[in-house]
Amino acid sequence: MPHRDTVSWNSIITGYWKNGCFDESKRLFGLMPTKNVVSWNSMIAGCIEDERIDEAWQYFQAMPQRNTASWNAMISGLVRYDRVEEASRLFEEMPRRNVISYTAMVDGYAKIGEIEQARALFNCMPQKNVVSWTVMISGYVENGKFDEAENLFEQMPDKNIVAMTAMITGYCKEGKTDKAKILFDQIPCRDLASWNAMITGYAQNGSGEEALKLHSQMLKMGMQPDHSTLISVLTACSSLASLQEGRKTHVLVLKSGYESRISICNALITMYCKCGSILDSELAFRQIDHPDVVSWNAMIAAFARHGFYDRALASFGEMRSNRVEPDGITFLSLLSACGHAGKVHESLNWFNSMIESYKIVPRPEHFACLVDILSRGGQVEKAYKIIQEMPFEADCGIWGALLAACHVHLNVKLGELAAKKIVELEPQNSGAYVVLSNIYAAAGMWGEVTRVRGLMREQGVKKQPAYSWMEIDNKVHFFLGDDASHPEIHRIRLELKGMKLQMIADDDIEEVFSACSC
DNA sequence: CGAGAGCCAT
(Lines give C-alpha, C1' and ligand atoms only; values in the text may rest on other atoms or scores of the structure.)
Protein backbone atom coordinates (compact mmCIF):
# COMPACT_ATOMS: atom_id res chain seq x y z
CA MET A 1 0.00 0.00 0.00
CA PRO A 2 1.53 3.32 -1.08
CA HIS A 3 0.04 5.21 1.86
CA ARG A 4 1.68 2.87 4.35
CA ASP A 5 4.94 3.45 2.56
CA THR A 6 4.74 7.23 2.97
CA VAL A 7 4.11 6.79 6.68
CA SER A 8 7.35 4.80 7.03
CA TRP A 9 9.32 7.44 5.12
CA ASN A 10 7.88 10.11 7.37
CA SER A 11 8.92 8.30 10.55
CA ILE A 12 12.45 7.82 9.30
CA ILE A 13 12.74 11.46 8.22
CA THR A 14 11.48 12.66 11.60
CA GLY A 15 13.79 10.24 13.38
CA TYR A 16 16.82 11.75 11.64
CA TRP A 17 16.21 15.38 12.57
CA LYS A 18 15.22 14.41 16.09
CA ASN A 19 18.71 12.97 16.40
CA GLY A 20 20.35 16.08 15.04
CA CYS A 21 20.75 14.86 11.44
CA PHE A 22 18.53 17.32 9.64
CA ASP A 23 20.55 17.16 6.45
CA GLU A 24 19.87 13.44 6.22
CA SER A 25 16.14 14.19 6.62
CA LYS A 26 16.45 16.65 3.78
CA ARG A 27 18.16 14.11 1.53
CA LEU A 28 15.51 11.47 2.19
CA PHE A 29 12.71 14.00 1.68
CA GLY A 30 14.12 14.71 -1.77
CA LEU A 31 14.11 10.97 -2.59
CA MET A 32 10.54 10.32 -1.46
CA PRO A 33 8.27 9.05 -4.24
CA THR A 34 5.06 10.50 -2.78
CA LYS A 35 4.93 13.16 -0.11
CA ASN A 36 1.91 13.93 1.98
CA VAL A 37 1.15 16.91 4.18
CA VAL A 38 2.74 15.18 7.14
CA SER A 39 6.03 14.84 5.27
CA TRP A 40 6.08 18.58 4.62
CA ASN A 41 5.12 19.35 8.22
CA SER A 42 7.93 17.15 9.47
CA MET A 43 10.39 19.13 7.33
CA ILE A 44 9.09 22.40 8.78
CA ALA A 45 9.53 21.03 12.29
CA GLY A 46 13.02 19.79 11.41
CA CYS A 47 14.08 23.21 10.13
CA ILE A 48 12.78 24.88 13.29
CA GLU A 49 14.56 22.37 15.49
CA ASP A 50 17.77 23.12 13.56
CA GLU A 51 17.24 26.88 14.03
CA ARG A 52 16.64 27.35 10.28
CA ILE A 53 13.40 29.26 10.54
CA ASP A 54 13.66 30.93 7.14
CA GLU A 55 14.14 27.56 5.51
CA ALA A 56 11.03 26.38 7.35
CA TRP A 57 9.20 29.28 5.77
CA GLN A 58 10.35 28.12 2.32
CA TYR A 59 8.91 24.66 2.91
CA PHE A 60 5.72 26.23 4.22
CA GLN A 61 5.42 28.32 1.05
CA ALA A 62 6.27 25.47 -1.27
CA MET A 63 3.95 22.79 0.06
CA PRO A 64 0.98 21.96 -2.16
CA GLN A 65 -1.56 22.02 0.64
CA ARG A 66 -1.43 22.91 4.31
CA ASN A 67 -3.43 21.77 7.28
CA THR A 68 -3.85 23.35 10.70
CA ALA A 69 -0.74 21.57 11.98
CA SER A 70 1.36 23.19 9.22
CA TRP A 71 0.21 26.67 10.25
CA ASN A 72 0.71 25.84 13.91
CA ALA A 73 4.23 24.52 13.33
CA MET A 74 5.14 27.73 11.55
CA ILE A 75 3.54 29.94 14.20
CA SER A 76 5.21 28.22 17.13
CA GLY A 77 8.50 28.21 15.23
CA LEU A 78 8.32 31.97 14.82
CA VAL A 79 7.33 32.40 18.46
CA ARG A 80 10.33 30.34 19.54
CA TYR A 81 12.64 32.89 17.91
CA ASP A 82 10.71 35.89 19.28
CA ARG A 83 9.23 36.74 15.88
CA VAL A 84 5.80 37.22 17.37
CA GLU A 85 4.67 39.91 14.91
CA GLU A 86 5.04 37.49 12.01
CA ALA A 87 3.43 34.69 13.99
CA SER A 88 0.49 36.95 14.72
CA ARG A 89 0.08 37.70 11.02
CA LEU A 90 -0.03 33.98 10.20
CA PHE A 91 -2.48 33.45 13.04
CA GLU A 92 -4.82 36.04 11.49
CA GLU A 93 -4.40 34.57 8.01
CA MET A 94 -4.91 30.90 8.79
CA PRO A 95 -8.25 29.42 7.75
CA ARG A 96 -9.02 27.37 10.89
CA ARG A 97 -7.53 27.83 14.34
CA ASN A 98 -7.55 25.25 17.07
CA VAL A 99 -6.53 25.28 20.73
CA ILE A 100 -2.88 24.80 19.79
CA SER A 101 -2.87 27.86 17.52
CA TYR A 102 -4.32 30.03 20.28
CA THR A 103 -1.99 28.62 22.91
CA ALA A 104 1.08 29.28 20.76
CA MET A 105 0.03 32.91 20.36
CA VAL A 106 -0.70 33.37 24.06
CA ASP A 107 2.81 32.07 24.69
CA GLY A 108 4.20 34.43 22.06
CA TYR A 109 2.60 37.56 23.48
CA ALA A 110 3.70 36.63 26.99
CA LYS A 111 7.23 36.05 25.76
CA ILE A 112 7.60 39.56 24.37
CA GLY A 113 6.04 41.11 27.47
CA GLU A 114 2.63 41.80 25.91
CA ILE A 115 1.01 40.13 28.86
CA GLU A 116 -2.31 42.02 28.58
CA GLN A 117 -2.64 40.96 24.96
CA ALA A 118 -1.83 37.39 25.97
CA ARG A 119 -4.57 37.45 28.59
CA ALA A 120 -7.08 38.97 26.17
CA LEU A 121 -6.45 36.16 23.72
CA PHE A 122 -6.54 33.58 26.50
CA ASN A 123 -9.93 34.92 27.58
CA CYS A 124 -11.46 34.66 24.13
CA MET A 125 -10.18 31.18 23.31
CA PRO A 126 -13.06 28.95 22.16
CA GLN A 127 -11.71 26.18 24.35
CA LYS A 128 -8.75 25.81 26.68
CA ASN A 129 -6.80 22.82 27.86
CA VAL A 130 -4.12 22.32 30.54
CA VAL A 131 -1.39 23.58 28.22
CA SER A 132 -3.23 26.85 27.59
CA TRP A 133 -3.61 27.41 31.31
CA THR A 134 0.02 26.55 31.96
CA VAL A 135 1.28 28.90 29.26
CA MET A 136 -0.76 31.75 30.69
CA ILE A 137 0.41 31.09 34.24
CA SER A 138 4.08 30.87 33.34
CA GLY A 139 3.62 33.96 31.17
CA TYR A 140 2.52 35.85 34.27
CA VAL A 141 5.45 34.43 36.22
CA GLU A 142 7.97 35.45 33.57
CA ASN A 143 6.53 38.96 33.59
CA GLY A 144 6.67 39.24 37.35
CA LYS A 145 2.86 39.28 37.75
CA PHE A 146 2.76 36.86 40.65
CA ASP A 147 -0.68 37.70 42.00
CA GLU A 148 -2.24 37.17 38.59
CA ALA A 149 -0.35 33.90 38.24
CA GLU A 150 -1.61 32.70 41.60
CA ASN A 151 -5.18 33.76 40.82
CA LEU A 152 -5.20 31.87 37.58
CA PHE A 153 -3.53 28.85 39.14
CA GLU A 154 -6.26 28.69 41.76
CA GLN A 155 -8.91 28.84 39.04
CA MET A 156 -7.21 26.18 36.92
CA PRO A 157 -9.43 23.10 36.76
CA ASP A 158 -6.91 20.26 36.36
CA LYS A 159 -3.60 21.29 37.82
CA ASN A 160 -0.82 19.11 36.51
CA ILE A 161 2.87 18.85 37.34
CA VAL A 162 3.92 21.38 34.69
CA ALA A 163 1.60 24.10 35.98
CA MET A 164 2.60 23.33 39.55
CA THR A 165 6.27 23.64 38.62
CA ALA A 166 5.64 26.96 36.90
CA MET A 167 3.89 28.16 40.05
CA ILE A 168 6.75 26.93 42.26
CA THR A 169 9.08 29.07 40.16
CA GLY A 170 6.68 31.97 40.54
CA TYR A 171 6.59 31.72 44.33
CA CYS A 172 10.38 31.42 44.48
CA LYS A 173 10.90 34.47 42.27
CA GLU A 174 8.72 36.35 44.72
CA GLY A 175 10.88 35.06 47.57
CA LYS A 176 8.10 32.87 48.96
CA THR A 177 9.99 29.60 49.13
CA ASP A 178 7.75 28.38 51.96
CA LYS A 179 4.68 28.56 49.75
CA ALA A 180 6.63 26.95 46.93
CA LYS A 181 7.69 24.09 49.18
CA ILE A 182 4.09 23.41 50.24
CA LEU A 183 3.15 23.13 46.57
CA PHE A 184 6.22 21.02 45.84
CA ASP A 185 5.24 18.58 48.59
CA GLN A 186 1.78 18.27 47.02
CA ILE A 187 3.15 16.96 43.73
CA PRO A 188 2.44 13.23 43.73
CA CYS A 189 5.17 12.08 41.32
CA ARG A 190 7.88 14.69 41.19
CA ASP A 191 9.95 14.75 38.03
CA LEU A 192 13.34 16.25 37.30
CA ALA A 193 12.00 19.67 36.31
CA SER A 194 10.01 20.05 39.52
CA TRP A 195 12.99 19.06 41.69
CA ASN A 196 15.12 21.50 39.73
CA ALA A 197 12.60 24.31 40.18
CA MET A 198 12.54 23.90 43.95
CA ILE A 199 16.31 23.48 44.31
CA THR A 200 16.86 26.54 42.10
CA GLY A 201 14.33 28.49 44.14
CA TYR A 202 16.20 27.81 47.36
CA ALA A 203 19.57 28.47 45.77
CA GLN A 204 18.52 31.81 44.31
CA ASN A 205 16.96 32.96 47.56
CA GLY A 206 20.14 32.40 49.50
CA SER A 207 18.82 29.26 51.18
CA GLY A 208 21.82 27.22 50.13
CA GLU A 209 21.39 24.91 53.07
CA GLU A 210 17.85 23.93 51.99
CA ALA A 211 18.93 23.58 48.37
CA LEU A 212 21.68 21.14 49.28
CA LYS A 213 19.36 19.20 51.56
CA LEU A 214 16.77 18.87 48.85
CA HIS A 215 19.41 17.83 46.36
CA SER A 216 20.69 15.01 48.52
CA GLN A 217 17.09 13.95 49.14
CA MET A 218 16.65 13.83 45.38
CA LEU A 219 19.74 11.66 44.96
CA LYS A 220 18.52 9.31 47.68
CA MET A 221 15.30 8.81 45.75
CA GLY A 222 17.34 7.63 42.79
CA MET A 223 16.72 10.71 40.67
CA GLN A 224 19.67 11.54 38.38
CA PRO A 225 20.66 15.23 38.40
CA ASP A 226 21.04 16.91 35.02
CA HIS A 227 23.16 19.94 34.15
CA SER A 228 20.40 22.26 35.27
CA THR A 229 20.30 20.64 38.72
CA LEU A 230 24.05 20.88 39.05
CA ILE A 231 24.10 24.55 38.10
CA SER A 232 21.61 25.29 40.87
CA VAL A 233 23.55 23.22 43.38
CA LEU A 234 26.68 25.16 42.43
CA THR A 235 24.73 28.38 42.97
CA ALA A 236 23.75 27.05 46.40
CA CYS A 237 27.41 26.37 47.24
CA SER A 238 28.25 29.91 46.12
CA SER A 239 25.65 31.43 48.40
CA LEU A 240 26.97 29.36 51.30
CA ALA A 241 30.55 30.27 50.38
CA SER A 242 31.34 26.68 51.24
CA LEU A 243 34.39 25.52 49.35
CA GLN A 244 33.92 22.03 50.77
CA GLU A 245 30.42 21.66 49.36
CA GLY A 246 31.56 23.35 46.16
CA ARG A 247 34.33 20.81 45.61
CA LYS A 248 31.96 17.95 46.37
CA THR A 249 29.56 19.27 43.76
CA HIS A 250 32.42 19.67 41.30
CA VAL A 251 33.20 15.96 41.80
CA LEU A 252 29.55 15.18 41.09
CA VAL A 253 29.79 17.26 37.91
CA LEU A 254 32.77 15.17 36.79
CA LYS A 255 30.98 11.92 37.67
CA SER A 256 27.88 12.99 35.75
CA GLY A 257 29.91 13.89 32.68
CA TYR A 258 28.68 17.46 32.38
CA GLU A 259 32.09 19.07 32.87
CA SER A 260 32.36 20.20 29.28
CA ARG A 261 29.04 22.07 29.26
CA ILE A 262 29.85 25.74 29.07
CA SER A 263 27.03 26.75 31.42
CA ILE A 264 28.41 24.32 34.03
CA CYS A 265 31.93 25.75 33.65
CA ASN A 266 30.53 29.25 33.99
CA ALA A 267 28.77 28.27 37.20
CA LEU A 268 32.03 26.71 38.44
CA ILE A 269 33.91 29.99 37.86
CA THR A 270 31.44 31.87 40.03
CA MET A 271 31.22 29.14 42.65
CA TYR A 272 34.97 29.03 43.19
CA CYS A 273 35.13 32.81 43.23
CA LYS A 274 32.45 33.15 45.89
CA CYS A 275 33.94 30.28 47.88
CA GLY A 276 37.22 32.15 48.01
CA SER A 277 39.37 30.26 45.52
CA ILE A 278 40.12 32.56 42.62
CA LEU A 279 42.77 30.09 41.43
CA ASP A 280 40.13 27.42 40.89
CA SER A 281 37.95 30.02 39.15
CA GLU A 282 40.67 30.62 36.66
CA LEU A 283 41.28 26.89 36.25
CA ALA A 284 37.60 26.38 35.44
CA PHE A 285 37.77 29.26 32.99
CA ARG A 286 40.89 27.99 31.25
CA GLN A 287 39.21 24.67 30.71
CA ILE A 288 36.66 26.24 28.34
CA ASP A 289 37.65 25.96 24.69
CA HIS A 290 35.58 28.87 23.47
CA PRO A 291 34.52 31.07 26.37
CA ASP A 292 31.27 32.89 25.68
CA VAL A 293 30.24 36.29 26.96
CA VAL A 294 28.96 34.74 30.20
CA SER A 295 32.31 33.03 30.81
CA TRP A 296 34.24 36.25 30.31
CA ASN A 297 31.82 38.21 32.45
CA ALA A 298 32.08 35.64 35.23
CA MET A 299 35.88 35.70 35.08
CA ILE A 300 36.05 39.51 35.09
CA ALA A 301 33.58 39.63 37.98
CA ALA A 302 35.65 37.05 39.86
CA PHE A 303 38.85 39.08 39.50
CA ALA A 304 36.91 42.18 40.51
CA ARG A 305 35.54 40.55 43.62
CA HIS A 306 38.99 39.44 44.70
CA GLY A 307 40.42 42.90 44.16
CA PHE A 308 42.44 42.16 41.03
CA TYR A 309 41.59 45.26 39.07
CA ASP A 310 44.44 44.77 36.60
CA ARG A 311 43.48 41.18 35.91
CA ALA A 312 39.87 42.13 35.37
CA LEU A 313 41.03 44.70 32.85
CA ALA A 314 43.41 42.27 31.17
CA SER A 315 40.57 39.76 30.83
CA PHE A 316 38.44 42.38 29.17
CA GLY A 317 41.25 43.03 26.68
CA GLU A 318 41.63 39.31 26.06
CA MET A 319 37.89 39.01 25.57
CA ARG A 320 37.95 41.68 22.93
CA SER A 321 40.86 40.14 21.06
CA ASN A 322 38.87 36.91 21.07
CA ARG A 323 36.09 38.82 19.32
CA VAL A 324 33.51 38.23 22.03
CA GLU A 325 31.12 41.19 22.18
CA PRO A 326 30.82 42.67 25.68
CA ASP A 327 27.33 43.29 27.02
CA GLY A 328 25.79 45.27 29.86
CA ILE A 329 26.91 42.73 32.43
CA THR A 330 30.52 42.92 31.22
CA PHE A 331 30.52 46.60 32.13
CA LEU A 332 28.81 45.89 35.40
CA SER A 333 31.73 43.56 36.19
CA LEU A 334 34.25 46.20 35.16
CA LEU A 335 32.48 48.79 37.31
CA SER A 336 32.54 46.34 40.17
CA ALA A 337 36.31 45.99 39.63
CA CYS A 338 36.60 49.77 39.87
CA GLY A 339 34.51 49.74 43.01
CA HIS A 340 36.63 47.13 44.74
CA ALA A 341 39.79 48.99 43.81
CA GLY A 342 38.44 52.44 44.64
CA LYS A 343 38.92 53.66 41.07
CA VAL A 344 36.36 56.45 40.94
CA HIS A 345 37.64 58.23 37.87
CA GLU A 346 38.05 55.02 35.88
CA SER A 347 34.53 53.94 36.66
CA LEU A 348 33.15 57.07 35.03
CA ASN A 349 35.32 56.42 31.98
CA TRP A 350 34.05 52.85 31.65
CA PHE A 351 30.50 54.01 32.05
CA ASN A 352 30.88 56.59 29.29
CA SER A 353 32.72 54.23 27.00
CA MET A 354 29.98 51.66 27.47
CA ILE A 355 27.41 54.12 26.22
CA GLU A 356 29.40 55.87 23.53
CA SER A 357 31.73 53.21 22.11
CA TYR A 358 29.70 50.09 22.72
CA LYS A 359 26.21 51.55 22.34
CA ILE A 360 24.98 49.74 25.42
CA VAL A 361 22.02 51.35 27.17
CA PRO A 362 22.75 51.62 30.90
CA ARG A 363 20.31 49.83 33.18
CA PRO A 364 19.41 50.73 36.78
CA GLU A 365 22.18 48.40 38.04
CA HIS A 366 24.83 50.44 36.20
CA PHE A 367 23.67 53.64 37.83
CA ALA A 368 23.46 51.92 41.21
CA CYS A 369 27.03 50.71 40.82
CA LEU A 370 28.25 54.15 39.82
CA VAL A 371 26.46 55.85 42.70
CA ASP A 372 27.99 53.33 45.07
CA ILE A 373 31.52 53.91 43.76
CA LEU A 374 31.22 57.70 43.87
CA SER A 375 29.68 57.57 47.33
CA ARG A 376 32.37 55.35 48.75
CA GLY A 377 34.94 57.56 47.09
CA GLY A 378 33.58 60.49 49.08
CA GLN A 379 31.97 62.23 46.12
CA VAL A 380 28.49 62.23 47.58
CA GLU A 381 27.38 65.39 45.81
CA LYS A 382 28.35 63.94 42.45
CA ALA A 383 26.59 60.69 43.34
CA TYR A 384 23.46 62.64 44.16
CA LYS A 385 23.69 64.44 40.84
CA ILE A 386 23.71 61.10 39.05
CA ILE A 387 20.66 59.97 40.97
CA GLN A 388 18.85 63.11 39.91
CA GLU A 389 19.85 62.83 36.27
CA MET A 390 19.42 59.13 35.67
CA PRO A 391 16.36 58.00 33.71
CA PHE A 392 15.11 55.69 36.51
CA GLU A 393 13.67 56.17 39.96
CA ALA A 394 16.28 55.38 42.59
CA ASP A 395 15.44 52.39 44.76
CA CYS A 396 16.30 51.76 48.40
CA GLY A 397 19.61 50.18 47.49
CA ILE A 398 20.82 53.32 45.71
CA TRP A 399 19.65 55.68 48.47
CA GLY A 400 21.17 53.29 50.99
CA ALA A 401 24.57 53.52 49.30
CA LEU A 402 24.37 57.31 49.40
CA LEU A 403 23.18 57.30 53.00
CA ALA A 404 26.02 55.06 54.14
CA ALA A 405 28.50 57.34 52.39
CA CYS A 406 26.95 60.37 54.05
CA HIS A 407 27.75 58.72 57.35
CA VAL A 408 31.36 57.93 56.47
CA HIS A 409 32.02 61.24 54.74
CA LEU A 410 29.71 63.18 57.05
CA ASN A 411 27.15 65.02 54.96
CA VAL A 412 24.11 65.80 57.08
CA LYS A 413 22.02 67.47 54.37
CA LEU A 414 22.22 64.63 51.82
CA GLY A 415 22.03 62.06 54.56
CA GLU A 416 18.71 63.48 55.71
CA LEU A 417 17.45 63.48 52.15
CA ALA A 418 18.50 59.88 51.46
CA ALA A 419 17.02 58.65 54.73
CA LYS A 420 13.76 60.42 53.97
CA LYS A 421 13.55 58.74 50.56
CA ILE A 422 14.23 55.31 52.04
CA VAL A 423 11.56 55.72 54.70
CA GLU A 424 9.12 56.83 52.00
CA LEU A 425 9.85 53.74 49.95
CA GLU A 426 10.07 51.29 52.86
CA PRO A 427 8.46 52.66 56.03
CA GLN A 428 9.60 49.67 58.07
CA ASN A 429 13.23 49.98 57.03
CA SER A 430 14.96 50.50 60.35
CA GLY A 431 18.43 50.81 58.84
CA ALA A 432 17.77 54.27 57.47
CA TYR A 433 16.74 55.62 60.90
CA VAL A 434 19.75 54.06 62.54
CA VAL A 435 22.25 55.44 60.04
CA LEU A 436 20.61 58.86 60.13
CA SER A 437 20.83 59.01 63.90
CA ASN A 438 24.48 57.95 63.64
CA ILE A 439 25.06 60.81 61.20
CA TYR A 440 23.51 63.26 63.64
CA ALA A 441 25.60 61.79 66.43
CA ALA A 442 28.77 62.14 64.38
CA ALA A 443 27.86 65.76 63.70
CA GLY A 444 27.19 66.32 67.40
CA MET A 445 23.52 67.09 66.76
CA TRP A 446 22.27 65.33 69.86
CA GLY A 447 18.83 66.88 69.76
CA GLU A 448 18.27 65.37 66.35
CA VAL A 449 19.56 62.00 67.57
CA THR A 450 16.91 61.98 70.28
CA ARG A 451 14.26 63.07 67.78
CA VAL A 452 15.03 60.20 65.35
CA ARG A 453 15.12 57.63 68.15
CA GLY A 454 11.74 58.92 69.29
CA LEU A 455 10.43 58.74 65.75
CA MET A 456 11.50 55.11 65.57
CA ARG A 457 9.61 54.28 68.75
CA GLU A 458 6.56 56.15 67.49
CA GLN A 459 6.52 54.32 64.17
CA GLY A 460 7.10 51.04 65.90
CA VAL A 461 10.29 50.49 63.95
CA LYS A 462 12.70 48.15 65.66
CA LYS A 463 16.35 47.88 64.91
CA GLN A 464 17.14 44.45 63.56
CA PRO A 465 20.46 43.38 64.99
CA ALA A 466 22.76 42.22 62.19
CA TYR A 467 24.56 39.06 63.09
CA SER A 468 26.71 36.57 61.29
CA TRP A 469 27.29 32.97 62.09
CA MET A 470 29.45 29.99 61.30
CA GLU A 471 29.01 26.31 61.62
CA ILE A 472 31.64 24.20 63.30
CA ASP A 473 31.06 20.50 63.95
CA ASN A 474 27.33 20.87 63.39
CA LYS A 475 27.11 23.60 65.99
CA VAL A 476 26.10 27.09 64.89
CA HIS A 477 27.95 30.03 66.49
CA PHE A 478 26.30 33.47 66.29
CA PHE A 479 28.16 36.77 66.41
CA LEU A 480 26.87 40.29 66.85
CA GLY A 481 28.91 43.45 66.44
CA ASP A 482 31.02 44.13 69.56
CA ASP A 483 29.73 40.86 70.94
CA ALA A 484 31.98 39.47 73.67
CA SER A 485 29.62 36.81 74.95
CA HIS A 486 31.14 33.87 73.12
CA PRO A 487 32.84 31.53 75.62
CA GLU A 488 36.01 31.49 73.53
CA ILE A 489 36.13 35.20 72.81
CA HIS A 490 39.80 35.46 73.75
CA ARG A 491 40.88 32.81 71.31
CA ILE A 492 38.66 34.37 68.62
CA ARG A 493 40.32 37.77 69.09
CA LEU A 494 43.75 36.20 68.95
CA GLU A 495 42.88 34.45 65.72
CA LEU A 496 41.51 37.69 64.23
CA LYS A 497 44.72 39.49 65.09
CA GLY A 498 46.68 36.75 63.36
CA MET A 499 44.50 37.06 60.26
CA LYS A 500 44.95 40.81 60.20
CA LEU A 501 48.71 40.42 60.23
CA GLN A 502 48.48 37.84 57.50
CA MET A 503 46.36 40.16 55.36
CA ILE A 504 48.99 42.85 55.63
CA ALA A 505 51.66 40.34 54.68
CA ASP A 506 49.54 39.18 51.74
CA ASP A 507 49.88 42.56 50.10
CA ASP A 508 52.11 40.81 47.61
CA ILE A 509 49.28 38.41 46.73
CA GLU A 510 49.76 39.26 43.05
CA GLU A 511 53.04 37.39 43.23
CA VAL A 512 51.44 34.43 44.91
CA PHE A 513 48.87 34.49 42.18
CA SER A 514 51.21 34.37 39.21
CA ALA A 515 53.24 31.64 40.87
CA CYS A 516 50.17 29.40 41.16
CA SER A 517 48.18 30.14 38.03
CA CYS A 518 48.59 28.01 34.96
C1' DC B 1 4.21 9.69 10.84
C1' DG B 2 3.19 16.08 12.03
C1' DA B 3 1.70 21.31 15.78
C1' DG B 4 1.44 23.98 22.15
C1' DA B 5 3.61 23.94 28.57
C1' DG B 6 7.43 23.77 33.69
C1' DC B 7 13.54 23.62 35.69
C1' DC B 8 19.71 26.03 34.18
C1' DA B 9 25.37 29.95 34.18
C1' DT B 10 27.68 36.13 34.45
Side-chain angles (χ1 to χ4, degrees), chain A residues 3-15 36-46 48 66-77 79-80 98-108 110 128-139 141-142 160-170 172 187 190-201 203-204 225-235 238 258 261-271 273 284-285 291-302 304 326-330 332-333 336:
Chain A
H3 173 69
R4 191 46 219 268
D5 204 34
T6 304
V7 170
S8 322
W9 278 87
N10 287 345
S11 334
I12 294 166
I13 286 177
T14 306
N36 63 13
V37 65
V38 177
S39 330
W40 287 89
N41 286 350
S42 172
M43 289 311 289
I44 293 175
I48 291 165
R66 310 176 184 108
N67 60 13
T68 307
S70 330
W71 289 86
N72 287 346
M74 211 50 235
I75 288 173
S76 61
V79 164
R80 197 197 291 194
N98 63 12
V99 62
I100 295 180
S101 334
Y102 278 91
T103 306
M105 280 318 298
V106 171
D107 189 29
K128 307 177 178 74
N129 62 17
V130 276
V131 183
S132 331
W133 283 85
T134 310
V135 163
M136 194 64 235
I137 290 167
S138 60
V141 168
E142 265 169 48
N160 65 0
I161 190 166
V162 181
M164 288 171 100
T165 306
M167 206 53 226
I168 287 171
T169 306
C172 290
I187 300 176
R190 285 169 290 224
D191 63 5
L192 189 58
S194 52
W195 281 99
N196 288 350
M198 197 62 235
I199 293 172
T200 305
Q204 292 181 343
D226 67 354
H227 80 282
S228 155
T229 322
L230 293 168
I231 285 170
S232 296
V233 178
L234 288 170
T235 307
S238 308
Y258 288 109
R261 297 279 285 240
I262 195 157
S263 51
I264 285 278
C265 294
N266 294 343
L268 282 170
I269 296 170
T270 304
M271 181 277 287
C273 163
F285 178 81
D292 62 9
V293 64
V294 180
S295 324
W296 288 107
N297 290 351
M299 199 61 243
I300 294 170
D327 63 7
I329 297 175
T330 314
L332 214 50
S333 306
S336 145

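Just so it is clear: chains get the letters A, B, ... in the order the sequence lines come, proteins before strands, and each one is counted from 1. Computed from a prediction, not measured in an experiment: that's the story for all the values here.
Between the side chains of A:Thr165 and A:Ser194, not a single donor N or O lies within less than 3.5 Å of an accepting N or O.
Summarising the geometry of A:Ser336 relative to A:Ala304, their closest heavy-atom pair is OG-CB, 3.5 Å, with the distance given to 0.1 Å. In this structure, A:Val141 and A:Ala166 approach most closely via the heavy-atom pair CG2-O, 3.8 Å. Smallest separation of non-hydrogen atoms from A:Asn72 and A:Asn98: ND2-OD1, 3.1 Å.
With hydrogens and angles ignored, a donor-acceptor pair under 3.5 angstrom links the side chain of A:Asn160 to the base of B:dA5. Contact of A:Asn129 with B:dG4 (side chain to base): a donor-acceptor pair of N or O atoms is detected under 3.5 Å.
Nucleic acid contact for A:Ile161: base, since at least one base atom lies under 4.0 Å from a heavy atom of the residue. Heavy atoms of A:Ser76 sit under 4.0 angstrom from primed sugar atoms or phosphate atoms, though from no base atom. Among the protein residues, A:Val135 comes within range of the sugar-phosphate backbone only, with heavy atoms under 4.0 Å from sugar or phosphate atoms but none that close to a base.
Between A:His227 and A:Tyr258, the two ring planes are tilted [angle within 30° to 60°].
B:dA3 atom C1' lies 18 Å from atom CH2 of A:Trp40, rounded to whole Å. As rounded to whole Å, 18 Å separates atom C1' of B:dC8 from atom CH2 of A:Trp195. A:Met105 has its CE atom 19 Å from the P atom of B:dA3, to the nearest Å. The distance from atom CD1 of A:Ile137 to atom C1' of B:dA5 is 10 Å, rounded to the nearest whole Å. Between the P atom of B:dC8 and the CG atom of A:Asp226 lies a distance of 11 Å, rounded to the nearest Å.
Distance check, rounded to the nearest 0.5 Å: CH2 of A:Trp195 to OG1 of A:Thr229 gives 10.5 Å.
Nearest nucleotide to the A:Asp292 side chain, out of B:dA3, B:dA5, B:dA9: B:dA9.
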(message) Expected output check: what is the dot-bracket annotation of DNA chain B, where ( ) and [ ] are pairs inside the strand (brackets for crossing ones), | is paired with another strand, and pairs are Watson-Crick or G-U under 3.5 Å?
(response) ..........
